[in-house]
Every structure is written in C-alpha cells, then in structure tokens.
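We're numbering straight along the sequence, starting at 1. Treat the numbers as computed from the prediction; the structure is a model and nothing was measured.
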Amino acid sequence: MTEKDLTPRAPMQDTSAPACANSTEQAAPAQLPMQQIAGTSACAGLALGPVRVVTRRSSALGRIVLEPPRETSLFKTALVLAKDEIAKLSEMASESDKAIFTFQIEVLNDHGLQDEVLGYIQSGSGAADAMERAESLYTAKIRSLPDEYLSQRAGDVQDACRRVVDILDGRPREQITLDGPCVLIADELLPSELISIDRKLLLGLVTSGGSTQSHASIIARTFGIPAVVMAGPEVLKVPEGTICALDGGTGEVVIHPDEATYARYTHRIHLARRRTLSQERLRTQPCVTRDGVRVALTANCSGPQDIAQAISLGAEGVGLLRSEFLFLDGNLPDEAEQLGFYRSCILAAGGKPVTIRTLDIGADKDVSGLTLTEANPALGLRGLRFSLARPDLFLAQLCALLKAGLAGPLRIMFPMVASVEDFDRAMEMVAQARDTLTQRGEAFSDTIEFGVMVETPAAALLSDELAKRADFFSIGTNDLTQYVHAVDRINPAVTSYFTPASPAVLRLIRLTVGNAEQAGIPVSICGESAADPDLALLYVQAGIRRLSMSAPSILAVKERLMDATAATG
Ligand code: PEP
Ligand code: MG
C-alpha cells in the first residue's frame, strides 16, 4: 500500500442486518505483513477499520479477608447493588435484550449459587474469592450441558457474577468507551458490555474465544454487527489502531490488509451497502412475485427476544416456535412457567399470529432424564410420539398453551405426525386439557388453530385425510428430507445427499399443497431450506404461499421472490 493510500477518508457505516458492511476508510500501514486469521462466523457482514483491543484486568491483588460474618454481609450488600445495576441496564436495553438481564438477576437470586458462596465464606474465603469460585463452578456446569444454546448461557452467569466481584473489590464496572469507529477485539465480550457500547462506533467484533450462540453473539446479530468468534489468542496481541478487515460471514479476519485486500474489502462493502439499502425498501412491502402472487413470510423463533426482532424485520408472524428449547436443560418447566413463556412470546408478536409447536424432543434434541437411549433415535420415540407417551407432560403443555392463547392469535402444531390416528390422539389430549381447565374454573382460548407438521413421508402421503382434520399444515423440510432420502440430517458424511428441493421432496410438497388447497387450509414451509432464496422460489413455484425462516433471511428471500415469477414456463 502506498503513502497516498494512508490519507484518512470519511467513515462509512451500514448496520442493517443481515448483510452488514462497516468501515472507516483508513489504510493499513504499508510496512507490516498481512496476517490472515480464520475464526468462526457469528454475524454476517463486512468491517474494515482500526482495531481497539479490550484486555481484562487481572483479578484484584491483595484482597484482605475479614471474619466470615463481615464477609457475608459484604457479599449480601454487593448482591443488592449488582442487581440494582443490572436492573438499570435492563431499563436501557431493547425489549428483546431485557430477557438477558432478567436471566442475570435470576442467576444472582439463585439460592444454590448463594449457598455455595456462603459455604466458601464460612470456610474462610473472602467474599470476592468465594464468588469467583462459585462462578467457575456454575459456568463449568452450564457449559457441560448437552444443549448448545443453554450451555452458552455461561457468559450471562459470568457477567452477573463478575459484577458482584467488581463491587466487592471496590472497582466500578469498566465501561468500554470507543473514541472513534473501530473493530473491537476482546477475549470474550459480556452481554452487558456489548449493550452499553456506543454501537454507532462499533464497526465489527472479533473475540479470541466466545461462541456463536453466546448472548454477545446473539446481540451482535440483533444489531447487525459483523462478528467473528473463536479467532484464537493471537488476535489479542494486535496493536491498537492496526487496520483490520473482517468478514463475519466466513469468519475471516485480516490484520494489516495489503493494498489488494484493502481494495477488495472496500469494494465489497460498497456493494453490500447498496444491496442492503435496496432490500431495506422491501421491509414494509408485502411480498408479491412479478406475476402477482402474494407470499407470506414469517419467522422461526425460539423465544420473545427474537420474535420482537423478527417482527421489526417485516415478519408477518411466527411460523415456528420450537417449544422444546424451554425443556432442553433437563429442568422441566411446569404449567405456570410455560404459560409465562408462551404469553410473552405471543405478546412480543404484537397481534401477529404465533405458531407454537408442541414438544419435539428425541433424536438430536436429547433431554437427559426424559429421552430414551435408542439405537435409532431419529426413528424412535420423538416429537408427538414422546408427548403421547408422557400424557402428564403433554397435558401440562396443552393447558399452558390454551391459556396463553388468550394473549393473542395462537396456532398450535404437532411435530412428527405419521398417521391420522396420531393427530386424532393429539386432539383427544387437547379435549382433555380443555376439560381440565374447565373443571379448574380457568379461562382459556377457544380460537386457537391446530395444525400438522408435515415432516414424515406418511404425513405427506396422507395429507388428504389429515387436511380434513387440521386447520393448517406446516412442512418441515429438514425431517421430510431426512426421511424421504434416508439421510441422517446430522451426519456430515452424507450432507451431499441432503437435498430438500429434490424431485422426490418436491413431489411430496406438491401433493401436500394440492390436498391442503382442496380442503381450503393454509400450508407453509418452515424447514431451514425456506431461508435459501433459490429454494424458497422453487417452493413458491411448487404452490407454496407461506414460508417461515430465521428472521435475518427474510429480506433476502423477499428480494428474490419479488424479482421472479411463481409460474414456471
Ligand atoms: C423440520 O423438520 O423441517 C423442522 C422445522 O423441525 P426441526 O428442524 O425442529 O426438526
Ligand atoms: Mg422436524
């Protein structure tokens, strides 16, 4: 890179998800060798700018330990102060991020955690040390959970506990202040740190550790901040101010980009910005193909946080809410807890319909203590089969859902239906849940629609019969492909055989669409493939008029569909 390239240019920013492209147009010092680092994608988008490195302070030196009653009292005061700080952060946070802080307050209220700390204090530890020991124990426990999403909540536990430690050490929480637009490099960012950063100045994020499902990554995706995680410890050694280019989509991080790399990133950023701006115009427009076919685009969500984001991205409702996410930590939520969760999901959708799928555990969604060890779990006691085998759990879920339906438009669907009898048995359980609530004198909704996930070949083949009974269909192409092609969806060795728009799968989709049309019920696709703009178009051409996908894909799918025709030939 030549001297003239070092002239500073005006900062450019485009923070719209999903294809974000952020940069300050400063050039890298020419004399330093370019370094390419391969991390893991956490949020797609490009960034180019000077680096700001955040290094953690080492733990406080020379802590003085007082007698246990005084350490106990210090600990209790610090807990109150920490919860107060978190509550204030929550007030500043967006609706979707408030849940993170609610969780952190729950962590600090946890009696198990408190007793652990008090136990260490009784045996002679200072409160700060005791809190740190309990924190590592808890985070290790959470990290070892089989479910990736839950295991990655460890960052939130750490964040809450470190706040208490900082208060005990008499250190005010260090706020990360940015002096100008930059790419932030850290070991791991805590959710509260990311929330309180001036995001207008944050071009991108690189963490040496972290994980794709940590709340910091989730927040990065919420705000469309290009982010790479697991980039390795070398990134922490990059000097402040060094120019860094990052591609959040591929996980590439380039330190000191050479002239060609710098030019390539600048060009891609311009192109991405143009694209985002044009997609932006589609946000509030209905999705209509060039030949006038209206396609409804809804979102696949896991809780109230992402529902609010999805609606803001133009989702016309929630096409799939996987209720099993609430169960994956092995702690069975009771009816009251489930009711609270479903209600907040429905409220987050602000009057748009929410489709909640009943428990779909089994196969790769293993819940210790609940699911069986089976030789062929994908063909085993999963989805509706599990619910029918555990009427106690099924009834509690249905009661919670029927009551939650009072909060707004709700659709309930059953996973892994493989026969007409399956659906009939599920509806018998619904009738039983209604009776139970009536006997208890509790109000529930009678406007809920009940649907079938068409994700077994049997359900597609029987869709004429099922359509007479169900209010709607939702085709799960993930499992439908797995079962049609006899290809394990989680086995990387057979990925190339996993073809969700193959002639065989499309034939079953067309059959299902035809039978749904004849019965006058809506049919959507909620498998991952609906997020692929080209496959989404194929499905629309096969007669599908509703698609459900992860929220950040909605605008790209809309763009593709609005530029194409539903009719072929
Ligand atoms: C599907 O099978 O396509 C689906 C949406 O359900 P899941 O991926 O949760 O099995
Ligand atoms: Mg499925």
Requested in this report: Let me see the working for V229 and L205 under side chain to side chain contact (heavy atoms under 4.5 Å, CB included), right down to the final yes or no.
Outcome: CA-CA 8 Å; V229 294; L205 258 184; over 6 Å; no
Requested in this report: Heavy atoms only: give me the nearest V513-G543 pair and the separation to one decimal.
Outcome: CG1-O, 3.6 Å
Query raised in the report: For Q518, does the CD atom have more than 12 heavy-atom neighbours from other residues, nucleotides or ligands under 6.0 Å away?
Result: no
Query raised in the report: Under a 4.5 Å cut-off applied to non-hydrogen side-chain atoms, are R382 and P377 in contact?
Result: no
Report task. Check whether any side-chain heavy atom of T436 lies under 4.5 Å from a side-chain heavy atom of Q439, and answer yes or no. Result -> no
Report task. Using a 4.5 Å cut-off on heavy atoms from C-beta on, say whether the side chain of M549 contacts that of V557. Result -> yes
Query raised in the report: Would you say the side-chain atoms of T298 pair up with the backbone N or O of E316, donor to acceptor, closer than 3.5 Å?
Result: no
Report task. Could you verify whether a donor N or O on one side chain and an acceptor N or O on the other, from N300 and S548, lie under 3.5 Å apart? Result -> yes
Query - Heavy-atom pair with the smallest gap, counting every atom of A160 and V107 - result: CB-CG1, 4.4 Å
Query raised in the report: Are any of the side-chain nitrogens in D360 or R322 under 4.0 Å away from the carboxylate oxygens of its partner?
Result: no
Query raised in the report: V505 versus T499: any side-chain heavy-atom pair under 4.5 Å?
Result: no
Requested in this report: Tell me, with the steps shown, if R560 and D532 meet salt bridge (Lys or Arg N to Asp or Glu O under 4.0 Å).
Outcome: CA-CA 10 Å; R560 181 78 182 97; D532 178 318; over 6 Å; no
Report task. First locate atom CZ of R273, then atom CG of L271, and finally report the distance between them rounded to the nearest 0.5 Å. Result -> 11.0 Å
Query raised in the report: Is the backbone of I100 close enough, under 3.5 Å, to the side chain of Q104 for a donor and an acceptor to pair up by distance?
Result: no
Report task. List the atom of A315, the atom of A299, and the distance in Å for their closest heavy-atom pair. Result -> CB-CB, 3.9 Å
**Report entry** Atom pair OH/CD of Y342 and E335 - distance to nearest 0.5 Å
**Finding:** 10.0 Å
Query raised in the report: Are any non-hydrogen side-chain atoms of L381 and E374 less than 4.5 angstrom apart?
Result: yes
Query raised in the report: Got T355 and L320 here, is their nearest side-chain heavy-atom distance under 4.5 Å?
Result: no
Query - Rounded distance (nearest 0.5 Å) linking atom CE of M416 with atom CZ of R385 - result: 4.5 Å
Query raised in the report: Under 3.5 Å, side chain of K403 to main-chain N/O of A443, donor-acceptor pair present?
Result: no
Report task. Verify the neighbour count for atom CZ of R545: are there more than 12 heavy atoms of other residues, nucleotides or ligands below 6.0 Å? Result -> yes
Requested in this report: Please report the shortest heavy-atom distance between A501 and L506, naming the atom on each side.
Outcome: O-CD1, 3.4 Å
Query raised in the report: Residues two or more places apart in sequence or in another chain: which of them pass side chain to side chain donor-acceptor pair (under 3.5 Å) with S502?
Result: H485
Query raised in the report: For the atom pair CG (L537) and OG1 (T565), what is the distance rounded to the nearest 0.5 Å?
Result: 7.5 Å
Query raised in the report: Is the count of non-hydrogen atoms from other residues, nucleotides or ligands lying under 6.0 Å from R434 atom CZ greater than 12?
Result: yes
Query raised in the report: Counting only N and O atoms by type, is there a donor-acceptor contact under 3.5 Å from the side chain of E324 to the main-chain atoms of I361?
Result: no
**Report entry** Q397-S387 side chain donor-acceptor pair, cut-off 3.5 Å
**Finding:** no
Requested in this report: Quick one: closest heavy-atom pair of V293 and A566, and the distance?
Outcome: CG2-CB, 3.6 Å
Query raised in the report: So, Q482 side chain and R489 main chain: donor-acceptor pair closer than 3.5 Å or not?
Result: yes
Requested in this report: Test F473 against I521 for side chain to side chain contact (heavy atoms under 4.5 Å, CB included), laying out the working first.
Outcome: CA-CA 7 Å; F473 284 158; I521 63 167; 4.1 Å; yes
Query raised in the report: Can you tell me if T512 uses its side chain to pair, donor with acceptor, with the backbone of S463 under 3.5 Å?
Result: no
Query - Atom pair CZ (R411) and CG (L321), whose distance is rounded to the nearest 0.5 Å - result: 12.5 Å
Query raised in the report: Should L401 and T358 be marked as a side chain to side chain contact (heavy atoms under 4.5 Å, CB included) after you check the CA-CA gap, both sets of side-chain angles, and the distance that decides it?
Result: CA-CA 9 Å; L401 285 168; T358 59; 4.1 Å; yes
Query raised in the report: Take atom CZ in R294; do more than 12 heavy atoms of anything else shown fall under 6.0 Å from it?
Result: yes
Requested in this report: Measure from the side-chain N and O atoms of D306 to the backbone N and O of S302, and report whether any donor-acceptor pair falls under 3.5 Å.
Outcome: yes
Query raised in the report: Under 3.5 Å, is there a donor-acceptor pair linking the side chains of D435 and Q432?
Result: no
Query raised in the report: Relative to each other, are the rings of F414 and F450 parallel, tilted or perpendicular (30° and 60° limits)?
Result: parallel
Query - Backbone of T250 reached by a side-chain donor or acceptor of S41 within 3.5 Å - result: no
Query raised in the report: Yes or no on side chain to side chain contact (heavy atoms under 4.5 Å, CB included) for L332 and Q338, after CA distance, side-chain angles and deciding distance?
Result: CA-CA 9 Å; L332 298 189; Q338 290 187 59; over 6 Å; no
Report task. Determine, stepwise, if the pair E428 / R425 fulfils salt bridge (Lys or Arg N to Asp or Glu O under 4.0 Å). Result -> CA-CA 5 Å; E428 277 162 24; R425 287 181 67 198; 5.6 Å; no
Report task. Indicate the atoms forming the closest heavy-atom contact of T477 with Y539, along with that distance. Result -> CG2-OH, 3.8 Å
Report task. Give a yes or no on whether the backbone of V318 and the side-chain of K352 come within a donor-acceptor separation of less than 3.5 Å. Result -> no
Query raised in the report: Taking only residues two or more places apart in sequence, or in another chain, which ones meet T289 in a side chain to side chain donor-acceptor pair (under 3.5 Å)?
Result: D291
Query raised in the report: For I525, does its backbone N or O pair with a side-chain atom of R546 as donor and acceptor, under 3.5 Å?
Result: no
Query raised in the report: Rounded to the nearest 0.5 Å, how far does CG of L384 lie from CZ of R357?
Result: 11.5 Å
Query - Side-chain heavy atoms of F101 within contact of D156, under 4.5 Å - result: no
Report task. State, yes or no, whether a side-chain contact exists between L511 and D464 at a heavy-atom distance under 4.5 Å. Result -> no
